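Remarks on the structure that follows.
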Amino acid sequence: MPQLLRFYSGEGKPTLLSRENGDVQQLELAKSEDIAFSSHRACIGFRTPDGYRECKNGAINIKQCPTCSYLDMAKAYTVGDFSGYPSLYEEAKKEEYALYLAGFGEDIIKCGVTRKERFSERMREQGADFGCIIATYLGPDEVYNAEHALQSRFSFANSVRISEKMRRLAFDRNAARENFSSASEMVRSSGVLPDFSPKITDFTHHYPQVRSVHATHSVLGEILGAKGEILLFKSAGGREFAVNIRQQVGHFFERK
């Protein structure tokens with residue numbers, strides 16, 4: 001039975017990344033799916049520039065054990081810790097980084113960091129409704145300090161729980177844009193960053209438009225699409241459902 005390692009949606013079609021018998025493969029979801037996840041979970045291992053590696057500890061009942069989390073290259077891009085991958089740091093110093101604001105629903109504003117070329121993809125894979133680059137930096141050395149400073153000064157979120165995103169699948173788009181615009185203008189007028197003209201991008205058209213959504217832990221029906229790591233589908237009876245796919249990472253699954 002394959003194990004779920006990751007879920008992709010930022011590049012378009014919802015895709016499961018899985019491992020079975022040591023082989024890692026991508027599974028694009030079809031128009032209709034019947035997927036059941038097991039209650040059993042095991043460590044997914046860690047990712048390197050060369051691919052995914054299996055957990056050496058055989059850890060169970062955990063998505064990623066402390067050892068694999070420490071070895072994972074993801075920390076280089078989430079917190080700017082390149083200590084385990086100096087070659088990545090040498091490449092990162094040549095890249096342009098973006099400090100951004102991302103809006104979720106009407107009231108959550110997150111401040112984050114991504115490589116500038118991945119800005120749009122990063123917004124979609126998080127399920128952000130609105131996004132705006134507020135500063136750019138060459139290399140990762142300064143941008144993470146700027147991120148922490150803005151989060152502290154303006155009480156912006158560092159991360160947003162999937163459960164919070166699920167509660168905001170339906171919202172007032174005009175109110176959300178107005179709140180997001182006010183946040184970006186607040187940063188601009190504060191003078192804490194070099195002056196910029198807020199260029200706000202609306203990402204809402206990338207996601208299925210749903211109204212009354214029911215949370216579930218399995219998939220059975222017509223795939224509507226995804227909003228970040230939230231998979232949306234419609235049952236045969238016409239009800240709309242949402243699955244927190246991040247919550248299923250590490251679990252094994254059966255695709256019928």
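As a basis for the values below, the full set of heavy atoms in this structure was taken, side chains included, without hydrogen atoms, waters or symmetry mates. A quick note: this is a predicted structure, and the numbers were derived from the prediction, not measured. Along the sequence shown, the residues carry numbers beginning at 1.
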For [X] against [Y], the heavy-atom pair lying closest together:
X: R124; Y: F203; value: CG-CD2, 4.0 Å
X: I44; Y: G250; value: CG2-CA, 3.6 Å
X: S190; Y: F154; value: OG-CZ, 3.6 Å
X: G131; Y: F119; value: C-CZ, 3.7 Å
X: I133; Y: F196; value: O-CD1, 4.4 Å
X: Y97; Y: A92; value: OH-CB, 3.3 Å

Can you confirm whether more than 12 heavy atoms, excluding those of [X], are under 6.0 Å from its [atom1] atom?
X: K116; atom1: NZ; value: no
X: E96; atom1: CD; value: yes
X: H40; atom1: NE2; value: yes
X: E142; atom1: CD; value: no

First locate atom [atom1] of [X], then atom [atom2] of [Y], and finally report the distance between them rounded to the nearest 0.5 Å.
X: L99; Y: Y144; atom1: CG; atom2: OH; result: 10.5 Å
X: S184; Y: F130; atom1: OG; atom2: CZ; result: 11.0 Å
X: K227; Y: F104; atom1: NZ; atom2: CZ; result: 8.5 Å
X: Q25; Y: L27; atom1: CD; atom2: CG; result: 4.5 Å
X: F233; Y: I223; atom1: CZ; atom2: CD1; result: 7.0 Å
X: I35; Y: L4; atom1: CD1; atom2: CG; result: 9.0 Å

| field | R115 charged N/C atom sitting above Y77 aromatic ring, 6.0 Å / 45° | value | yes

Whether [X] side chain and [Y] backbone form a donor-acceptor pair below 3.5 Å:
X: S152; Y: A149; result: no
X: S69; Y: P66; result: no
X: R41; Y: V249; result: yes
X: Y70; Y: C65; result: no
X: D202; Y: T204; result: yes
X: S32; Y: A30; result: no
X: Q209; Y: Y207; result: yes
X: H251; Y: S38; result: yes
X: S9; Y: G228; result: yes

| query | Below 4.5 Å, heavy atoms only, C-beta onward: do R255 and V219 meet side chain to side chain? | reply | no

| request: Hey, can you tell me if F82 and Y89 have their rings parallel, tilted or perpendicular (30° and 60° cut-offs)? | output: tilted

Charged N to carboxylate O under 4.0 angstrom, [X] versus [Y]?
X: E229; Y: K165; value: no
X: D129; Y: R168; value: no
X: D141; Y: K93; value: no
X: E121; Y: R118; value: yes

Should [X] and [Y] be counted in the same cluster of Ile, Leu, Val, Met, Phe, Trp and Tyr side chains packed under 4.5 Å apart?
X: V187; Y: V143; result: yes
X: F180; Y: M123; result: no
X: I162; Y: I245; result: no
X: F37; Y: L29; result: yes
X: V210; Y: F241; result: no

| request: Take I134 and C132, measure what side chain to side chain contact (heavy atoms under 4.5 Å, CB included) needs, and give me the verdict at the end. | output: CA-CA 6 Å; I134 55 177; C132 176; 4.2 Å; yes

| field | T67 vs K56, side chain to side chain contact (heavy atoms under 4.5 Å, CB included): CA-CA, chis, key distance, verdict | value | CA-CA 9 Å; T67 300; K56 300 176 182 178; over 6 Å; no

| message | Looking only at side-chain N and O atoms, does E106 offer a donor or acceptor that is under 3.5 Å from a partner on N179? | response |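 Their side chains do not contain a donor-acceptor pair, so the 3.5 Å distance test is not met.
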
| request: Taking atom types as modelled, find out whether D50 and T48 have a side-chain donor-acceptor pair closer than 3.5 angstrom. | output: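 There is no such pair (donor and acceptor under 3.5 Å, judged by atom type) between the side chains of D50 and T48.
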
| query | Stepwise, does the side chain to side chain contact (heavy atoms under 4.5 Å, CB included) test hold for R246 with F7? | reply | CA-CA 7 Å; R246 182 191 292 177; F7 176 72; over 6 Å; no

| query | Would V213 and I230 count as a side chain to side chain contact (heavy atoms under 4.5 Å, CB included) if you check the C-alpha gap in whole Å, the side-chain angles of each, and the deciding distance to 0.1 Å? | reply | CA-CA 11 Å; V213 185; I230 302 171; over 6 Å; no

